[in-house]
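Take a look at the structure set out below.
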Amino acid sequence: MSILLIVLLPLIASLLPGILSKYVKGIHTGYFVLIVPVIASFYFISLIQSVLSAPIIKHYSWMPSIGLNFDIRLDGLALLFTLLISIIGSLVVFYSIHYLHKDEALGRFYTYLLLFMGAMFGVVTSNNVLSLYLFWELTSISSFLLISFWYHKQKSTDGALKSMLITVFGGLMMLGGLSILIGITGTPVISEIMAQATKVHAHPLFTLAVVLILLAAFTKSAQFPFHIWLPDAMEAPTPVSAYLHSATMVKAGIYLIARFTPLFAVSNVWTYAIVIVGLFTMCFASIKAVNQIDLKGILAFSTVSQLGLIMSLLGIGSLSFKAGHETLYYIAVTAAVFHILNHASFKGALFMLVGIIDHETGTRNIHKLNGLMFIMPITFTLTTLGVLSMAGVPPFNGFISKEMFLESVLLSTEHPMINTIVSGFILTLMFVGSLFTFIYSLKIIKDVFIPNNIKNNSEKKPHEAPVLFLLSPIILICVMLFISVFPDMFRPLLQSATSAIVSNNITLNHIHHFHGVNTPLIVTIAIIVIGSALLYFISKWQNVYQLWPEQLKLNNLYNFALDQSQKLSFEINRRLVYHSIRFSIASIFSTLLIITVYVFLKTDLSIYFESIANIRLYELILILIIVIATIMILKAQSRLFSIIMLSAIGYSIALLFVFFKAPDLALTQLSIETISTALFLMCFYHMPKKYRHAEEKKFKFTNVLIALSTGVIVSLIALVSYSNKHFTSISEYYIKNVYDLAAGKNMVNVILVDFRGFDTLFESSVLAIAGIGIYTLIRLRKTRGEQNEETTR
């Protein structure tokens, strides 16, 4: 089976849920959709041994003229992500079958979910920066649709808009960075760009490319200060949160950093930015998580914090490029890859379990939940295992990768690039972030499950969820436990993924739970002891969160910027667009005049009248008719007369085409003119009568001046273009190839349909969109009429 088919399978399958949900009523649409990620899961699992031996590289031509092809590279890093996308995608789809009722818009939901799944497959397997960008933006669009699935809720649409604005901004930055790389290397293929690393490093735009790629990664992976979109995105259905924000979308930025680290790691900007921003994000988000009262809000800031941890590990790993610290390299990068796997397992399960708590109690507010340990024992057990792994408590898999993180940070302080001040700052962020991670993790168990004096005020009577509803988180927790017990079984996959980040044949040591009594273990014990004490006395110090000024919150800054930009755009539209049609046309023509005059003054251009054909008498008569008809339109007081004069102009131009030996153009002009006249007559017949208003002479004079100047300038542009030909006319190409390449004898038709087919397609699309708009307005008017009639009754 072709790997391209599997990558595109979700995109192809996204056409079906809408049809299935409409015509197959007896079976939940999710059961049909489940087939897609299951097939992908088995396919990528079957490739593990092959990829561990050597990367799978495929080339599928698509648009070779612009370099946009399906260049696929499935190495260890891409394989890890495809396994997460497909396996967790299967569990999320199965979970959603029990989470979403049949009355929901299932066709729309699963269409968006499959679009997102296919986009993520494309991102992690692309070996072409153009296709990478294409799929990258598709993840932003599809996630926007998923987050706003419950569009009747204001918070859902606001959260979707925020995620779209921030991630699309990052996408545009990435497009700039990738364009620079293509400009430097002359190729869009990622592996070929990497092969020209020395050339890229020496280019003056190298640092700019670094900054642009970093912005793309930071916005997608919700790094400070771009993290504000992720908590608001939790308004999406829980299956969406479990998928997008634990295993897929937010990991796209991590993937981008990992993929381009071999190219950019020599840059100090790259290394310092990733380490410091990552650690600060981890620390800041973990502190914010403790003060959340919504369970999904806690998990949202937890996700931001964990992403910061992984990001910082990739930055620490890049330090080895400058001093050859092999030990630091393999510990840090392996820890990053390992934590990607671990985080997906426990965080995906925790999101699903929070969705179950919400589904069975009617609330996610921790102030309304209490003592669920005995009411929902299975959910309690699964949640406890998940949060212990998230907190980094031994012997769970989260502890193993967290200990590798602590060791990496401690080793990084010995690197020549890290001075004493930076070292102290890094160690502080590491310890505080890890400490609050432990606190918010255990706080979930303490507030939701452990009985206390607060009465349970859930909106529904709590009860344990059905077994099938619990099956997906059970599987993920079992995977988490399996990794915890047998972490070394995953070492070949981790080594393959690590080697893909840096092409270096490093053999990883065995992954153990216990490495003796060392500094990382002592730090872990200190975190557990201090964290437990702070959690016990949390009511004594939690009020410190109220000290932070409301005005300095980033969400307020975002809301202010969004509000001001909307006001500014409205004011610009009011002044430039809504003023009047005359004003808009005058502004466009005035701009054309200014730019053209400027170019003429700055450029040495000549007009050669010798090469211009003589004007014949009948041509002069036709031009005179056009001029007279134009003046009559300006003086006309009747719409009917104006339409007749406008038609006279069109038919005169058609005659000019006949005289210039272009019968096809003349026939086209005659057809368009006839149809346009008929449409104008139909439209104006139904419009209310409106006579011309008196106008000041000064206003008329301004219009005349602009109109005449524009006519003169356009004529000069035509004469200058005709007199200064720098290239051979493309007509020669058409004459030679119109029959051989397009198998057509009518040159004009072939040009429009084949050589310039996209122009014709887009023009047809404009007509189709206009038709849809007119149809919508008619239906809207009809619906309102029916509503008014019903109200009258």
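We're numbering straight along the sequence, starting at 1.
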- Is the His343 to Phe346 ring centre distance short of 6.0 Å? yes
- Would you find a donor on one side and an acceptor on the other, under 3.5 Å apart, between the side chain of Ser221 and the backbone of Gly253? yes
- Reported CE-to-NZ distance for the pair Met173 and Lys220, which is rounded to 0.5 angstrom: 13.5 Å
- Please name all residues satisfying side-chain contact (heavy atoms from CB on, under 4.5 Å) with Leu83, sequence neighbours left out, ordered by chain then number. Phe44, Ile45, Ile48, Leu79, Ile87, Leu493
- Message: Going by ring-ring contact (aromatic ring centres under 6.0 Å, His included), His227 matches just one of Phe218, Phe284, Phe280. Which one?
- Response: Phe284
- Item | Salt-bridge criterion met for Asp75 and Arg73 (N-O under 4.0 Å) | yes
- Query: How many angstroms lie between CG in Leu295 and CE in Met234, if you round to the nearest 0.5 Å?
  - Reply: 12.0 Å
- Task: In sequence, state the C-alpha distance, the side-chain angles, and the governing distance for Trp270 and Phe260, and then conclude on side chain to side chain contact (heavy atoms under 4.5 Å, CB included).
- Result: CA-CA 10 Å; Trp270 178 270; Phe260 282 95; 4.2 Å; yes
- With under 30° as parallel and over 60° as perpendicular, where do the rings of Phe469 and Tyr95 fit, or are they tilted in between? tilted
- Query: Do the side chains of His339 and Phe405 get nearer than 4.5 Å, heavy atoms only?
  - Reply: no
- Parallel, tilted or perpendicular, as decided by the 30° and 60° cut-offs, for the rings of Phe70 and Phe135: tilted
- Side chains of Asn69 and Ser131 in contact at under 4.5 Å (non-hydrogen atoms): no
- Task: Specify whether Phe81 and Tyr255 have parallel, tilted or perpendicular ring planes, treating 30° as the upper limit for parallel and 60° as the lower limit for perpendicular.
- Result: perpendicular
- Query: Is a side-chain N or O of Arg364 found less than 3.5 angstrom from the main chain of Ile357, in a donor-acceptor match?
  - Reply: no
- Task: Have a look at Val33 and tell me which of Thr111, Val38, Val93 forms a side chain to side chain contact (heavy atoms under 4.5 Å, CB included) with it.
- Result: Val93
- Donor-acceptor pair, Ser41 side chain versus Ser86 backbone, under 3.5 Å? yes
- Query: Got a second to check how far Leu309's CG is from Met282's CE, nearest 0.5 Å?
  - Reply: 4.5 Å
- Task: Hey, could you give me the CD1/CH2 distance between Ile141 and Trp136, rounded to the nearest 0.5 Å?
- Result: 14.0 Å
Only pairs under 3.5 Å count here: list side-chain donor-acceptor contacts from residues 429-437, not counting sequence neighbours, and write none if there are none.
residue, atom, partner, partner atom, Å
Ser434, OG, Met430, O, 2.8
Thr437, OG1, Gly433, O, 2.7

- Query: Any donor-acceptor pair under 3.5 Å linking the side chain of Ser179 with the backbone of Leu175?
  - Reply: yes
- Item | Inter-residue atom distance Ser496.OG - Ile501.CD1, 0.5 Å rounding | 10.5 Å
- Task: Using the six-membered ring wherever Trp is involved, compare the ring planes of Tyr243 and Phe116 and label them parallel, tilted or perpendicular (cut-offs 30° and 60°).
- Result: perpendicular
- Apply side chain to side chain contact (heavy atoms under 4.5 Å, CB included) to Val354 and Ile444, showing your working. CA-CA 10 Å; Val354 165; Ile444 295 175; over 6 Å; no
